[in-house]
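First comes the structure, then the notes that go with it.
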2 protein chains.
Amino acid sequence: MSKKVNIKTIAADLNVSPSTVSKALKDSHEISEETRKKIQAYAKYYNYKPNSLALSLRNQRTMTLGLIVPEIVHHFFSRVIYGVESVANEKDYNLMICLSKDNLEKEKQNIEMLTNGSVDGLLVSVAKETFEKGDFSHFEHLLEQGFPIVFFDRVPDNINTDKVVVDDVAGGYKATMHLIENGLKKIGILSTPPHVTVGNDRERGYRKALKENKINIEDSYTIHINEKEDISQQIAQLLKLPDRPKGLFAVNEKYAAIALQEAKKLDINIPEELSVIGFTDGYISKYTSPTLTTIAQHGYTMGAKAAEMLLNKLLNKTDNSLGQTYVISTNVVKREST
Amino acid sequence: MSKKVNIKTIAADLNVSPSTVSKALKDSHEISEETRKKIQAYAKYYNYKPNSLALSLRNQRTMTLGLIVPEIVHHFFSRVIYGVESVANEKDYNLMICLSKDNLEKEKQNIEMLTNGSVDGLLVSVAKETFEKGDFSHFEHLLEQGFPIVFFDRVPDNINTDKVVVDDVAGGYKATMHLIENGLKKIGILSTPPHVTVGNDRERGYRKALKENKINIEDSYTIHINEKEDISQQIAQLLKLPDRPKGLFAVNEKYAAIALQEAKKLDINIPEELSVIGFTDGYISKYTSPTLTTIAQHGYTMGAKAAEMLLNKLLNKTDNSLGQTYVISTNVVKREST
DNA sequence: TTTTATCCCGAAAACGTTTTCGTGTTGACA
DNA sequence: TGTCAACACGAAAACGTTTTCGGGATAAAA
């Protein structure tokens, strides 16, 4: 069990001062070649590595970014993390990932933890509960202090800060247009309850597309899924309508996949009798049968962009760019279900 | 933009010494009630929070755990992370998550980063490339220094250390037995190349089950998928065999899902003409049609257990438990595909 | 021989904490 | 009035770095 060395122990062992060791290790010209070589050899042999805590304390920066996501067991967020990690690593920044579990209290705890010196900046996607309760005080507090922070995907509406989002309205519009362009007119939507902004926005896009094409909006074609109850059954109801839709836009991948399953049970052929389009570039879509056409959300890009914005704030001290919003555009990924 | 306060600024503002402030904030009896109240009120008002860097440096522990995973865009690892996070949080530990991207060099970098004081202990699932190249020196080094570390899932074989794994051989055995118990005799396997240990182990379980039931092992029924080429096609070949198997064990979820797709293309009814069983409690299995029977791998449990073992090492200084291995058992989750 | 420049190196402060050990003041008591 | 305990607080060291500044030694120049 070889002991852990640090600058002071090296200094003691070699009968020099800590300052000399520090300088020697950075190839300072102040140190004679002889001592320099000696110290470097010793450091290498004993595998000296500077303590990052001490460095952070001294330099007043940690070279790590904080990342708060509601969930990690979710393909989209995994992609985001991947994107963040890639650009952070390129600039020698590390990541500290925390889960809020869509819980306000946990989110506050995370914020507190991370902002007590552990990280230089923060990337956050806000918890559902935070939206429901409308309590953004923890973020406002941070912004007052000028703490660098960038929101992504689920962003607070009425806070003026940097954010990167996907254009959900346009996404819903594109999805619906895709169905319309395939000659469909009777188009249903599987959406979320109205307080979930992403679902709501996508639904707005859906309505916009229908209106523009002068298609009547049939109320019974809109289902607001209640996740507390049996999802399959709610979807089946739509499919059992006497005059059921020929096209179906699901605001997320899960609803789309379940719709596929239910259609199969009811012997509805896809895409001949029913076209289905989902949302999110997830895991599932590629492996359902038929494979699912979806709207790609570009999680990787979103993470990368958010990290880039944050790093810009950290590196260019010129804080002119206040309250920028970057919008990631979506696109249709055509597969077998339409 | 309210300034950030710390003990020294509080001390200066209140005309007391830093030590007094520190003690007052911890309700020390050494401090008079009057000063104590005053300091606490001030701290609360200015929202003082101790700097965790300084604390870590001082206490020589960071209260954070390092976690290195090969991939995050993978449902199984997401579950593991979730498990780790849950037990770590319960003990007031934080998480620092790094991705090795199945890359040896990146793994080494991560190790370096994390072990320079940033974390108190390490949880790691080893990168594929590390196995291929057989270079475990970075881990051995750490173990020599007595650095607390627990491996999970993909663990080095010839290093004596703490690990938690799933019993892959037994899993493969159970999967095959499930098919046999359904009356099947002609059973194929979709496996990985032999150097991937998990695939290899599962295949061993498969062979064991066949042997025990005196079923002849048909070589053409074993496919070692080469991921560099078209996976669908390789699987289709097996299904196009004149005397094709009636049961199919896929060593991971992806292969199983693709097999389903290919079977559909060939108009093979599932499960009537072909039963398929996968491995891993992933995302996909629930949303394919038919839904997939799989072997549940219990990622959450694995993460939780690994974290528990590591925390035990950290908290109970009694380091008697050297080289423990905890095995997580698998079980069949029956769905529609069998 | 004295001045000056150059070369090497060390002391000390700083980052923000905690904790041990003093120490000055007060009041009680002999 | 002198002694002693109790009380309330401060100084300093420590965690592991980096950096500024100063200074001793040597050699070259005056």
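First the proteins, then the strands, lettered A, B, ... as listed; each starts at 1. Keep in mind that what you see is a predicted model, and the values were worked out from it rather than measured.
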* **For A:Lys37, side-chain contact (heavy atoms from CB on, under 4.5 Å) partners two or more places apart** => A:Glu33

* Asked: Taking only side-chain nitrogens and oxygens of A:Thr35, does any of them come within less than 4.0 Å of OP1 or OP2 of C:dC8?
  ->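 The answer is no; no side-chain N or O of A:Thr35 sits under 4.0 Å from OP1 or OP2.
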
* Base versus backbone protein contacts along nucleotides 10-17 of chain D [heavy-atom cut-off under 4.0 Å; B, S, -] -> BBB-BBBB

Measure up the [X] and [Y] rings against each other and bin them: parallel (under 30°), tilted (30 to 60°), perpendicular (over 60°).
X        : Y        : result
A:Phe139 : A:Phe151 : perpendicular
B:Tyr300 : B:Tyr82  : tilted
B:His74  : B:Phe77  : perpendicular

* Asked: Looking only at heavy atoms, what is the nearest atom pair of A:Ser100 and A:Ala127, with distance?
  ->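 Looking at all heavy atoms of both residues, the shortest contact is OG-CB, 3.7 Å.
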
* To do: Round to the nearest Å and state the distance from A:His29 atom NE2 to C:dC7 atom P.
  =>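 Nearest whole value for this atom pair: 9 Å.
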
* To do: Round to a whole Å and report the spacing from CD of A:Glu33 to P of C:dC9.
  => 12 Å

